[in-house]
Amino acid sequence: MPEGPQIVYLKEQTNQFIGQELISIEGSVIASNEKNLAGQSLIDIKTFGKEILFCFTRVTIRVHLMLFGRYAIDGEMNRKLTLELEFENGRINFYASSCRLIEAPVETIYDWSVDVMSASFDERRAVIKLQGKPQQFICDALLDQNILAGVGNKIKNEVLFRRQVHPLSKVKDVPEAKLRELVKECVTVSKQYFQWKRDALDEEKWLVYKKTTCPRDGVLLVVEKLGRSKRSCYFCEQCQQLYDDQNA
DNA sequence: GGTTATGTTATTTC
DNA sequence: AGAAATAACATAAC
């Protein structure tokens, strides 16, 4: 369920709750001494990367859907409930999600300049931070939430294909101009993904993810778990260039 | 029934 | 100490 754009979409679905009073809170992950949240008002909903933040008067609840998380607005699912927030005008349930209470002001712990969906995302800084991981494979570096918060495995594969970079290129061997292209593409794909989500087209738009042949040249795609992260890479050996010591 | 999947974190091992 | 491997968590689809 996650990846930044889907979380921004989720926020869009929950905006109706902003300004509402919390009637009740349930969930196995919220300890009993935290139930006094009821009565507080929902001041704002923010997103950071793959996290959604429910900012109440005195405290913030952070929800991360991880790999299997689901949610239902004014509905039920037959799964393990991790958090239920009931407001005056509706209810949102989270299942199989990771939830945490944040007591500090969120501005002090989140830096939105690394969030690819944020208006304050800083491209140049992302490039510099990538260059700070010279030995990493590009397929791992693009998934680094401290550099490109919100980018997940689907976006990673799409970006590498569109910019024609082999996933096993080392960051230090990728020319700076190409790194800049990759960072820009992360933003582009993320914004498109968000729109696909709105249009309910998000399962059919990917060029290589879960596909078998390259849309450019028809060559069979390679599917392998690569890099330190061992996440699935879908790529074309014909048209995605491997940057290495030879051609850096 | 085994494998895989949009993810992260805690623990163990080297 | 610190990097790297492994386990842990949770759930559905093929």
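Only this structure's heavy atoms are used, side chains among them; waters, hydrogens and symmetry mates stay out. A, B, ... follow the sequence lines: proteins, then strands. Residue 1 opens every chain.
Taking atom C1' on both C:dA5 and B:dT6, the two are 24 Å apart, rounded to the nearest angstrom. Atom P of C:dA7 sits at a distance of 15 Å from the matching atom of B:dT3, rounded to the whole Å.
At B:dT9, one or more side-chain N or O atoms of A:R100 fall inside 4.0 Å of OP1 or OP2 (strictly under the cut-off). Between A:R228 and C:dA5 there is no side-chain polar atom (N or O) within less than 4.0 angstrom of OP1 or OP2.
As a whole-Å value, the separation of A:Q145 CD from B:dT9 P is 9 Å. A straight line from CD of A:Q135 to P of C:dA3 spans 14 Å, rounded to a whole angstrom. Across the protein-nucleic acid pair, A:K154 atom NZ and B:dA5 atom P stand 12 Å apart, rounded to whole Å. We find that NZ of A:K210 is positioned 7 Å from C1' of B:dT4, with the value rounded to whole Å. The CZ atom of A:R231 sits 6 Å away from the C1' atom of B:dG7 (whole-angstrom rounding). Between A:I7 atom CD1 and B:dT6 atom C1' there is a gap of 10 Å when expressed in whole angstrom units. Atom CG of A:N153 and atom P of B:dT4 are 14 Å apart (whole Å). The separation between A:L143 atom CG and B:dT6 atom C1' is 10 Å, rounded to whole Å.
One finds a salt bridge joining A:E123 and A:K184 here, because a Lys/Arg side-chain nitrogen approaches an Asp/Glu carboxylate oxygen to under 4.0 Å. A:K172 and A:D245 are joined by a salt bridge, as a carboxylate oxygen and a charged side-chain nitrogen come within less than 4.0 angstrom of each other. The residues A:K46 and A:D115 are annotated as not salt-bridged, no charged nitrogen and carboxylate oxygen being separated by less than 4.0 angstrom.
When each of B:dG7, B:dT9, B:dT6 is scored by its nearest atom to the side-chain atoms of A:K50, the top-ranked nucleotide is B:dG7.
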Show which side-chain atoms of residues 213-227 of chain A pair as donor or acceptor with protein atoms under 3.5 Å away, not counting sequence neighbours.
residue : atom : partner : partner atom : Å
A:R216  : NH1  : A:F161  : O            : 3.4
A:R216  : NH2  : A:F161  : O            : 3.0
A:R216  : NH2  : A:R162  : O            : 3.4
A:D217  : OD1  : A:V219  : N            : 3.0

Pairing pattern in dot-bracket form [Watson-Crick, G-U; both distances under 3.5 Å; | = partner strand] for DNA chain B: .||||.||||||||

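Atom CD1 of A:I45 is separated from atom SG of A:C55 by 8.5 Å, given to the nearest 0.5 angstrom.
Between A:Y9 and A:W196, the ring centre distance reaches or exceeds 6.0 Å.
None of A:E26, A:E86, A:E76 except one satisfies the side chain to side chain donor-acceptor pair (under 3.5 Å) rule with A:R91; the exception is A:E76.
Counting non-hydrogen atoms under 4.0 angstrom, A:K225 reaches the backbone sugars and phosphates but no base.
Taking the six-membered ring for Trp and thresholds of 30 and 60 degrees, A:F94 and A:Y71 have ring planes inclined between 30 and 60 degrees apart.
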Residues A:F121, A:L148; criterion side-chain contact (heavy atoms from CB on, under 4.5 Å); working and verdict: CA-CA 9 Å; A:F121 176 68; A:L148 296 159; 3.7 Å; yes

B/S/- contact track for nucleotides 7-14 of chain C, protein heavy atom under 4.0 Å: ---BBS--

